Every structure is written in C-alpha cells, then in structure tokens.
Amino acid sequence: MEDFLDLLNPQQQAAVAAPAGPTLVLAGPGSGKTRVLTYRIAYLIGAMNVPAYHIMAVTFTNKAAKEMGARVEKLLGPQASGIWLGTFHGLCGRILRREADLLPVDSNFVIFDADDQENLMKQIVKEANLDEKLYRPASVLDAISAAKNELIGPEDYPVKNFRDEQLRRFYMRYQQMLVSNNAMDFDDMLMYTHGILENYPVVRDTYGHKFEHILVDEFQDTNLAQYAILKNLASLHRNLYVVGDEDQSIYRWRGADYRNLQRFTADFKDTRTILLEQNYRSTQTILDGAMAVIDRNANRTRKKLFTEAKAGEKISLVVADDDRQEAEIVAAAVQAGISKAKLNPADFAIMYRTNAQSRLLEEAFRREGIAYRLVGAQRFYGRREVRDLIGFLRLIYNPKDEVSLRRVINLPPRGIGEKTVEKLQKVARAREMSMGEVLLHLNAGDDGLAEELGKEGIRLGFFGKLLADWREAANKNTVSILFDRVVEDLGYQAYIQDKSEEGQDRWENVLELRGVTTEYDDTGLGAFLEAMSLVADQDTLPETVDAPTMLTLHAAKGLEFEQVFITGLDEFLLPHSRSRDDEEALAEERRLLYVGITRARKKLTLTRAQRRRSPYGSYEATMPSRFLDDLPSALLSGSPRGLPNRYNTSRRPEGPSRWNSPAFMPARRVVYEAPATRFKPGMQVKHPSYGRGVVKTSKAEHGDETVEVYFEGVGLKCLVASLARLEQL
DNA sequence: GCATCGGATTTTTTT
DNA sequence: AATCCGATGC
C-alpha cells in the first residue's frame with residue numbers, strides 16, 4: 001500500500017505521510033500539490049486505516065473536487081467512497097439540508113445567485129424610496145457580502161455614517177426577505193453553517209467526531225467564515241491539513257484572507273509546516289519570470305522555485321497596434337503552433353484579466369477557423385431562456401421563492417403585468433403568505449381569495465392551476481419529465497423559436513438544459529437545483545474537446561498548459577484600473593499575473609496593444625503594464641528589435657509597433673482550409689435528447705462543425721457540434 | 001398590459 | 001457597443 005510513496009520526492013513524502021495533527025503544506029505552483037493531497041487521502045485510508053467517511057476534503061471548485069475524487073478512486077477503488085469531498089459551499093449545503101430544523105428556512109430552501117440577489121435588492125431599495133443611483137443594488141450587496149464573510153450579522157453591522165445606517169437597514173430587510181422566500185445566498189451558506197456549529201455544541205460534536213481528518217486545498221483563498229467553520233469542525237481531532245500558497249491568493253475581493261495562513265499557525269501552535277518548492281511543470285525561464293514578478297510583493301515568505309527542466313524557450317513579448325490586432329496575432333500564433341509545430345490544440349491557453357476581452361479573441365479565432373473552448377462568462381447558465389426555465393422549476397420546488405415567481409409569472413406573456421403582481425403581493429402580505437402560496441390556495445378554491453383578487457384573480461387563477469399541476473407532476477415524476485411538461489404547457493418552443501434565427505440558438509440551449517436534467521432523474525429536483533446554483537460554468541467544461549482554451553486569469557488557477565498566452569498587459573487592465581489606488585489590491589493583481597505565468601509548461605507569450613477600445617467608447621492609447629518592467633530582458637525575446645525596449649524606458653506609447661517584422665510575425669494562413677470534421681456521413685451517433693441517429697452531412701464552418709443527423713423517430717436535425725452533446729457510437 | 005423607441009448608463013475577477 | 005430604463009402609443 002505504501003509503494004506509491006516511492007513516486008514522490010522527499011518533501012512530498014513528508015507531506016503525504018505527515019503524522020496526525022495540524023499540518024500546513026506551503027506549495028509553490030507546479031509542485032505536485034494536488035498529487036500530495038490525493039496521496040494523503042489514499043495514505044490515510046490505505047495505510048492508516050481511517051474509514052473514508054471520517055475524512056472531509058475541501059476544494060475551491062467543483063472541478064477540482066471531481067478531479068480529486070477520480071484520482072483517489074483510482075488509487076483506492078471502492079474503499080474511497082464515503083469521503084465528504086467538495087467545495088465549501090457544497091459541503092455546507094449538505095450540512096444545512098441535514099440540520100435544516102435549526103434554520104429559519106426549511107430543508108428545501110433555494111440558493112439565490114448574484115442575479116436573484118440583485119433582483120431582490122432592487123426591490124428593497126425601491127421599497128425604501130431611496131435613489132437607486134445612490135444605493136446601487138450591486139454595491140449594497142457587496143457591502144453585505146463583505147460583512148457576511150467576516151461573520152458580521154445585520155445587528156452588528158458597524159455604523160459610522162448615514163449611509164452605513166441605510167446599509168444596515170437594507171441588510172436587515174434583505175435577510176428577512178431571504179427567509180420569507182425560503183432562500184439563502186452563497187454567503188449565508190457559510191454563515192448559517194458557522195452559526196449552527198457555534199451555537200449547538202451537540203451538532204459541533206457530531207461533525208467534529210465524524211471528521212477525524214480535514215483536508216483543505218487552496219487554503220490561501222479561504223475567508224474568515226470558512227476558517228471559523230474549519231476551526232469548529234477540527235476542534236476535537238485537530239487533524240486539520242491545509243495546503244496553500246500565499247502567492248496565489250487572488251480572491252481577496254471576495255473576502256479571502258491569506259492571513260488565514262498566519263492565523264492557522266497562531267491558533268494551532270504545534271503546526272507542522274512542510275515546504276514544496278520543486279517545480280515539475282515549467283521551464284526555468286518561466287519560473288524565473290514568475291519569481292521576478294512576484295518577488296516585488298512585500299509581506300511574503302520568499303520562495304525559491306526550482307526545476308530540473310531546462311531553461312527552455314524565452315518568454316515572448318508581443319506589442320500590437322491595437323486590441324484587434326493583438327487578438328489576430330494570438331490566433332495566428334496558435335494556428336501556426338497547431339499546423340507547423342504539430343502541437344495539440346488543447347495545449348494552448350489564452351488568458352486575460354476581464355471576460356470582456358474574450359470577444360475580440362473569439363472573433364479572431366473564428367476568422368482563423370480555429371475551434372476554441374471558452375471558460376465561464378455567462379456561457380450557458382446565464383442565458384435568459386435557461387434562467388427562465390430554472391426559474392419555473394425553482395418556483396415549483398419552493399413556491400415561496402418570490403424572486404423566481406416575479407421572473408416567470410408572465411412568461412410567456414399571459415396578461416399578468418406589474419399591477420396584477422402588486423395586487424397579488426398586497427393580498428399575500430395581508431394574509432402573511434407568499435405570493436406563490438396565495439396562487440396555490442386560489443387554485444384550491446380557498447376562502448374569499450377569488451373575490452378579493454377580482455378580475456385579476458381569473459388570470460392569476462390560471463397560473464395557480466399551472467403551478468399546482470406542476471407541483472403534483474414534480475412529486476410523481478423525474479426532473480426531465482417535469483421539465484418536458486413545463487416546456488410543453490408553456491408552449492415555450494413556439495414562444496422563443498418563432499422570430500429570429502437567434503430563436504434556434506435559444507431553443508438549442510433549452511434542449512441542452514433538458515439534457516442536463518436527465519442527469520438528475522435519479523436524485524431529484526432539489527439536487528438538480530442545488531447543482532444549478534453551485535456548479536459554475538467552469539466546472540462543466542467538456543474536457544474532451546481538443547481545442548485551445550480561453551479563460552480569465554482567475555479561472556486559470558489550478559490548471560496547466562504547454563503554451564500560455566497572457567493578453568492585455570496594459571496598465572489599467574493588468575493591473576486593473578480599479579486596483580490602482582490600493583496597495584493590497586495592486587499586490588493581488590501581481591499575484592494574478594504570477595498565477596497566469598506559472599500555468600505555462602513550455603512556452604509563455606505576453607501580449608499587449610498600444611491602442612485599445614475602452615469599455616465605453618472609442619479607442620484610447622494605452623501604457624505598458626508596470627509588471628513588464630520587472631521581467632529581466634534576458635528572459636525575453638520577440639520584443640520589437642530595433643526599437644528601444646520601451647518597457648524599461650518610457651511609459652508612453654510611441655509610433656506603430658513592429659509586430660509584423662519577420663522576427664515574431666507568426667505565419668499567417670493565406671488560403672482558408674476547412675478544418676477536418678469530427679463527424680463523417682454514415683457515422684452512428686447519440687444525442688442526449690434526440691437519441692440515436694445517423695450523420696447525413698458534416699461541414700466545418702466558422703471554426704465549428706455543423707452536422708445534419710437523421711434521428712430515429714425524430715427526423716433530420718441540424719446541429720452545431722460544439723454545442724450539441726453528440727457522441728459517436 | 002404590451003411593444004417599441006430613444007436616451008441614459010456602463011466600473012473585474014466568482015463560489 | 002450593449003444593455004437597461006422609462007416614456008409613449010396602441
């Protein structure tokens with residue numbers, strides 16, 4: 001069982017086989033951190049005979065959790081099942097559903113995401129008759145979130161001025177509203193969990209006993225609430241095993257506090273600290289570049305990253321005339337890498353500071369005929385039609401959810417406008433019920449409701465009937481059957497598909513969502529909704545597609561690629577203008593770049609543009625990022641030869657760049673060649689909602705593939721390969 | 001109640 | 001440039 005230790009270096013071995021007790025593993029990028037964590041779990045179960053269900057492992061993303069689960073299972077087989085493995089929010093959700101008796105909401109509470117929160121807060125601000133400009137819902141919510149992350153409740157919200165007082169009131173009202181909606185937000189999940197552990201010693205002891213060993217990944221990105229939860233859970237066994245790297249802390253704005261590392265060693269005086277410095281990922285050149293950038297940050301333990309790999313290629317620096325050209329250069333370079341250097345498309349990643357930057361890149365890749373994967377950015381779950389349908393399902397599951405009710409009650413338009421909703425709300429408030437409950441009672445023919453609602457009552461009654469029927473259907477059927485029923489009853493297809501060509505896309509999205517529902521047929525509506533709230537787009541990327549990845553620097557954490565492009569190395573973009581006046585924020589921008597650089601295995605390219613379209617209007621001249629100053633020129637190549645290295649001299653943009661000098665002008669394709677298609681005529685395929693079929697034609701278009709398929713019992717359908725989950729049989 | 005038009009308004013990262 | 005909000009007209 002212990003043979004696998006042989007595969008590790010001495011530090012890693014020490015980390016994996018560390019004795020019980022508080023342990024801190026400081027792991028530089030690429031030092032085999034995930035490996036250490038998975039082996040540690042395997043070691044505990046396999047060598048120390050700790051039952052899997054006595055172990056809790058917390059990761060930062062669902063994707064990381066999934067990966068870790070898969071790896072552990074590979075090492076241990078069925079012995080591994082029963083581990084509590086997931087994100088903080090996922091695990092807290094699990095505890096909260098179990099202990100819902102202790103909460104002000106019942107066990108089928110729903111989780112409000114940013115969009116729901118904003119809708120609710122808008123209502124609250126409006127209700128208070130205050131200027132929405134002065135109290136922007138998003139910023140009010142930011143303040144509340146910050147408080148929650150520090151475990152500050154509405155009663156304790158510090159008031160120093162009038163605005164604070166107002167914020168405190170909003171906070172109180174917001175919490176009340178959440179409870180009456182039978183809902184909570186992300187931060188509440190942590191706060192409530194902490195509250196339960198803190199106030200109910202019995203519960204704390206139950207979980208404290210259960211979790212003999214607690215392992216935490218990305219510890220530098222935990223916030224105070226999360227740390228407090230961990231401390232409670234580990235109070236009995238004290239086997240808290242945390243892995244982190246202060247240099248990779250990039251979520252301060254979300255309440256993450258890398259000082260938790262210091263708190264940890266202060267709270268657990270006997271902590272054993274293990275340092276992992278050897279890097280197994282990148283070339284020495286890339287590591288040197290990364291260290292040059294990060295060493296400028298104060299208040300950190302300086303680490304010396306080293307590798308046994310060669311120096312490798314230099315870091316390329318590309319200066320484009322404008323942002324459009326920047327995108328084109330990247331696309332062309334990727335194309336060259338694929339066709340000339342014969343690299344796999346999936347070996348490339350293109351990173352940027354803000355999601356908005358992806359657009360030009362996408363366009364350039366399309367023009368170049370390269371398929372790509374885009375991480376995050378409202379790709380799927382942010383779509384209107386997807387959100388709407390989830391809104392219906394949420395209302396069915398939890399009729400008290402008034403945010404969802406307001407969203408869907410008039411979809412498609414059925415004559416229930418603002419006035420009618422207001423009336424419904426008034427009646428509901430008078431009876432101390434939620435609007436959804438009133439609708440259900442109305443349908444059941446309860447007391448004077450129909451009279452009270454008057455003529456509006458008829459239309460509301462229709463909707464109440466729909467809702468009641470759906471609820472009944474939900475009790476008897478699987479999620480996918482319920483989904484079909486709702487879509488059918490609404491005439492949803494006709495509603496979204498009739499008009500434009502966009503309608504087709506939107507319908508595709510509905511079918512896609514329908515496909516997802518089938519995955520929850522065994523677990524039920526509640527599990528489906530919870531997953532919809534907690535599983536971000538990033539976690540659902542199909543790994544199988546062999547295509548370059550576009551993603552934000554934040555989303556890049558924990559990943560690695562052969563070749564990495566980091567775009568937009570302009571002042572005000574990276575570092576972002578919003579962090580300009582704040583030392584701490586600036587340091588975090590630096591860490592962000594550090595994270596990006598250290599994702600690269602073989603080759604790193606940094607790009608910037610001398611002119612860039614501002615988020616608002618026209619083009620503006622840019623200045624090179626200050627971080628470029630810190631890269632020793634010995635590590636660089638490809639900066640415009642014959643031009644002074646402007647990064648070390650002047651900050652002002654000057655003259656047109658020489659990006660198209662042969663030195664670093666990537667070979668550009670002159671003739672468009674249709675890329676090979678994945679699906680061929682005659683091929684047997686399977687689709688999540690259409691079932692089995694045979695490919696009729698397939699052609700490459702705009703870097704994607706359009707497939708025509710005859711489906712059994714369905715007929716001919718035209719699908720976009722990257723969107724439709726077509727599988728070859 | 002609903003659709004449309006025009007003017008105003010956008011501040012980054014995400015569990 | 002794109003979305004949101006409010007006013008207008010039906």
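All values derive from a computational prediction rather than experimental measurement. These numbers come from the heavy atoms of this one structure, side chains and all, not from hydrogens, waters or symmetry mates. A note on names: the letters A, B, ... follow the listed sequences, proteins ahead of strands, and every chain is numbered from 1.
- Note: CZ (R384(A)) to C1' (dT3(C)) measures 11 Å, nearest angstrom.
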Do any N or O atoms of the protein come closer than 3.5 Å to N or O atoms of nucleotides 1-5 of chain B, and which pairs are they?
{"from": "dG1(B)", "atom 1": "OP1", "to": "T420(A)", "atom 2": "N", "distance (Å)": "3.4"}
{"from": "dG1(B)", "atom 1": "OP1", "to": "T420(A)", "atom 2": "OG1", "distance (Å)": "2.4"}
{"from": "dG1(B)", "atom 1": "OP2", "to": "K419(A)", "atom 2": "N", "distance (Å)": "3.2"}
{"from": "dC2(B)", "atom 1": "OP1", "to": "G415(A)", "atom 2": "N", "distance (Å)": "3.0"}
{"from": "dC2(B)", "atom 1": "OP2", "to": "N410(A)", "atom 2": "ND2", "distance (Å)": "2.8"}

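- With D116(A) as reference, R394(A) is the one residue of R394(A), R406(A), K122(A) to meet the salt bridge (Lys or Arg N to Asp or Glu O under 4.0 Å) rule.
- The backbone N or O of D401(A) sits nowhere less than 3.5 Å from a side-chain atom of S404(A) that would complete a donor-acceptor pair.
- Summarising the geometry of S533(A) relative to F186(A), their closest heavy-atom pair is O-CZ, 3.4 Å, with the distance given to 0.1 Å.
- For the pair Q357(A) CD and dA1(C) C1', the computed distance is 16 Å after rounding to whole Å.
- Note: Q117(A) CD to S145(A) OG = 7.5 Å, rounded to the nearest 0.5 Å.
- Remark: P of dC5(C) and CD of Q123(A) are 13 Å apart, rounded to the nearest angstrom.
- Y251(A) carries R254(A) over the face of its six-membered ring, with the cationic atom under 6.0 Å from the centre and within 45° of the normal.
- The side chain of K122(A) places an N or O atom within less than 4.0 Å of a non-bridging phosphate oxygen (OP1 or OP2) of dC5(C).
- Formation of a donor-acceptor pair under 3.5 Å by the D321(A) side chain with backbone atoms of R611(A) is not found in this model.
- Put simply, CD1 on I250(A) is 11 Å from P on dT15(B), counting in whole angstrom units.
- You'll find the side chain of L393(A) reaches within 4.5 Å of the side chain of L529(A), heavy atoms only.
- Here dC4(C) presents its C1' atom at 12 Å from CD of E118(A), a figure rounded to the nearest Å.
- Note: Y174(A) and Y171(A) fail the aromatic proximity criterion, with ring centroids not under 6.0 Å apart.
- There is a side-chain donor-acceptor pair under 3.5 Å between N182(A) and N398(A).
- L190(A) has its CG atom 13 Å from the C1' atom of dT14(B), to the nearest Å.
- When the P atom of dT13(B) is taken as reference, atom CG of L593(A) falls 17 Å away, rounded to whole Å.
- Counting to the nearest Å, the C1' atom of dT15(B) and the CD atom of Q117(A) are 11 Å from each other.
- F88(A) comes within 4.0 angstrom of no nucleic acid atom, judged by non-hydrogen atoms across all strands.
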Expected rows: protein N/O vs nucleotides 10-12 of chain B N/O, under 3.5 Å:
{"from": "dT10(B)", "atom 1": "OP1", "to": "R136(A)", "atom 2": "NH1", "distance (Å)": "2.8"}
{"from": "dT12(B)", "atom 1": "O2", "to": "R353(A)", "atom 2": "NH1", "distance (Å)": "2.8"}
{"from": "dT12(B)", "atom 1": "O2", "to": "R353(A)", "atom 2": "NH2", "distance (Å)": "2.4"}
{"from": "dT12(B)", "atom 1": "O4", "to": "R578(A)", "atom 2": "NE", "distance (Å)": "3.4"}

